[in-house]
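Below, read A as the first sequence line, B as the second, and so on, with proteins coming before strands; counting in each chain starts at 1.
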Protein chains: 2
Amino acid sequence: MPKETFFNLPETKRTIIETIAIDEFAEYGFDKASISRMTEKCEIAKGSFYQYFEGKKDLFLHLMDLVVKEKLKFLAPTMENPAEHNFFELLKDLYISGLEFANTHPKLVQIGNQVLKNKDHPVYYEAIGSNMSKSYKVFDSLLKLAISRGEVQPDIDISFVSYIISSMNLATVEYYFEVVKGDSDKVVEWNNDMLDTVNLFINFIKHGISVPIKEVVNNDKG
Amino acid sequence: MPKETFFNLPETKRTIIETIAIDEFAEYGFDKASISRMTEKCEIAKGSFYQYFEGKKDLFLHLMDLVVKEKLKFLAPTMENPAEHNFFELLKDLYISGLEFANTHPKLVQIGNQVLKNKDHPVYYEAIGSNMSKSYKVFDSLLKLAISRGEVQPDIDISFVSYIISSMNLATVEYYFEVVKGDSDKVVEWNNDMLDTVNLFINFIKHGISVPIKEVVNNDKG
DNA sequence: AAGTCATATGACTGCATAGTCACATTATAC
DNA sequence: GTATAATGTGACTATGCAGTCATATGACTT
């Protein structure tokens, strides 16, 4: 946790520090990010930094808090009453909000993924433990509900599907930015390409890719 | 590329260096891995290292070569005549060999994934460019074949499915080690849990999770 | 044995960083 | 206006690293 001094700062100064820190971590990654370079960019003294934070990790975890808070803003409307909608509609909304979040805050996503993807890194468990984690548990109950409604096959392995669905959320974002959009830096508005991407994933999750074996079809004209 | 001097080394010494380097990268990651520490562990002089390699990146890319070579050994039997088998059987074999590889060479997989997962890292493109890359292109033609055989739905987005199938290969390995096996360090023989894991993924890819909408079924007793 | 080439060595230079601390500056209280 | 607390400062220390180079050692040749 940042020290009290940091939270006593005028909001503008705090925001400058956070913004520059986000840039630094996005550009260099956690390991190569440098406190010295950051304080120079911020035009604050090295010593001041240590008045605000315990060290690099402390700062980074604070940024992760921001990521989660911001992400929740995007997620909130979707998750307000999850039981009211069809499971796949809910999933679609979820992926859409993930994509919208990534589109408006690409750097936050970038530093978030640094952690999310690097289970071997020492910071991983601290970041996950204090923040994210167990997002897959939400899916557990949603899946059970969906099964009882006849929307999802009853014989699936629920924890496996929860896992898949979580990881597909990231995959959607990645696929859009790397394949569809092409990872250029220009920011674009929400568009149909994004919706198409989400639909690709949802359809895949729904139906897979094999040709269904038809049940005994009795077509009188046959 | 390592210098000639390195390849002139007696094989035992070369292997020691490679093994210790793999340990170093697996433990600390690329950024934090230290040449000084490695040379100490190897009991070779710092100067000697620079007789063998241009620097850290050179060494790392050499290790990536080893990863790819070793992985190909596991893949080769499966890919010998890919057109002879049903698409999903081939895919299953592919995932199985991926899992077998990860099981016998966990550290190689670890350092391989460091790169594969970090598209932002400066080393990424060099490692990909010289080595892996375009594995998804193999799937393109296989998928077309599978469609023509009526094994796969004809209206899929081929490049999308190639992408998914590639990323599911990694996901299978991750799921097995993190969820099924529990990521303990003990090495185990090939077992049924691994096969079950692969089957979970293959079934998911085949059928998705939604309850199929039945075609007009005319069951006389209905 | 002398000469030549390949390899080994580790002290040394130079650089970037983390983190500290005695002191300066500003805000707040009385 | 003076005292006290909070915050700002940047030179300084200590650490660790990459990469070099003059020199030593060994191996092979004639």
Rounded distance in Å - [atom1] ([X]) to [atom2] ([N]):
X: B:F53; N: C:dT7; atom1: CZ; atom2: P; answer: 14 Å
X: B:I44; N: D:dT25; atom1: CD1; atom2: C1'; answer: 16 Å
X: A:K32; N: D:dG16; atom1: NZ; atom2: P; answer: 18 Å
X: A:D31; N: D:dG16; atom1: CG; atom2: P; answer: 17 Å
X: B:L9; N: D:dG26; atom1: CG; atom2: P; answer: 16 Å
X: A:I17; N: D:dT7; atom1: CD1; atom2: P; answer: 13 Å
X: B:K57; N: D:dA18; atom1: NZ; atom2: P; answer: 15 Å
X: B:K3; N: C:dA8; atom1: NZ; atom2: P; answer: 12 Å

query: Is it the case that A:H121 and A:Q114 place a side-chain donor and acceptor less than 3.5 Å from each other?
result: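 No.
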- request: Look at all strands and tell whether B:Y52 reaches a base, only sugar-phosphate, or nothing, counting heavy atoms closer than 4.0 Å.
  value: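 Since only primed, P, OP1 and OP2 atoms lie under 4.0 Å of B:Y52, the category is sugar-phosphate.
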- prompt: Hey, does the side chain of B:K13 come within less than 4.0 Å of C:dA8's phosphate (OP1/OP2), counting only N and O?
  reply: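 It does, given that an N or O in the side chain of B:K13 lies less than 4.0 Å from OP1 or OP2 of C:dA8.
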field: side-chain N/O B:N8 vs C:dA6 OP1/OP2, d < 4.0 Å
entry: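 For C:dA6, OP1/OP2 do not have a side-chain N/O of B:N8 under 4.0 Å.
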- request: Sugar-phosphate atoms are those with a prime plus P, OP1 and OP2; base atoms are the rest. Using that split, label each nucleotide of nucleotides 18-24 of chain C B, S or - for protein heavy atoms under 4.0 Å, 5' to 3'.
  value: BBBB---
query: Which pair of non-hydrogen atoms, one from A:I111 and one from A:A26, has the smallest distance, and what is that distance?
result: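 For A:I111 and A:A26, the tightest heavy-atom pair comes out as CG2-N, 3.6 Å.
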Please indicate whether [X] has more than 12 foreign heavy atoms, meaning atoms of other residues, nucleotides or ligands, lying under 6.0 Å from its [atom1].
X: B:K57; atom1: NZ; result: no
X: B:E40; atom1: CD; result: no
X: B:M79; atom1: CE; result: yes

- prompt: ring pair (Phe, Tyr, Trp, His ring centres under 6.0 Å) between B:F6 and B:F49: does it pass, once the steps are laid out?
  reply: CA-CA 9 Å; B:F6 179 65; B:F49 176 87; 9.1 Å; no
field: Electrostatic pair B:R37:B:E27 at N-O distance under 4.0 angstrom
entry: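 Looking at B:R37 and B:E27, the cut-off is not met.
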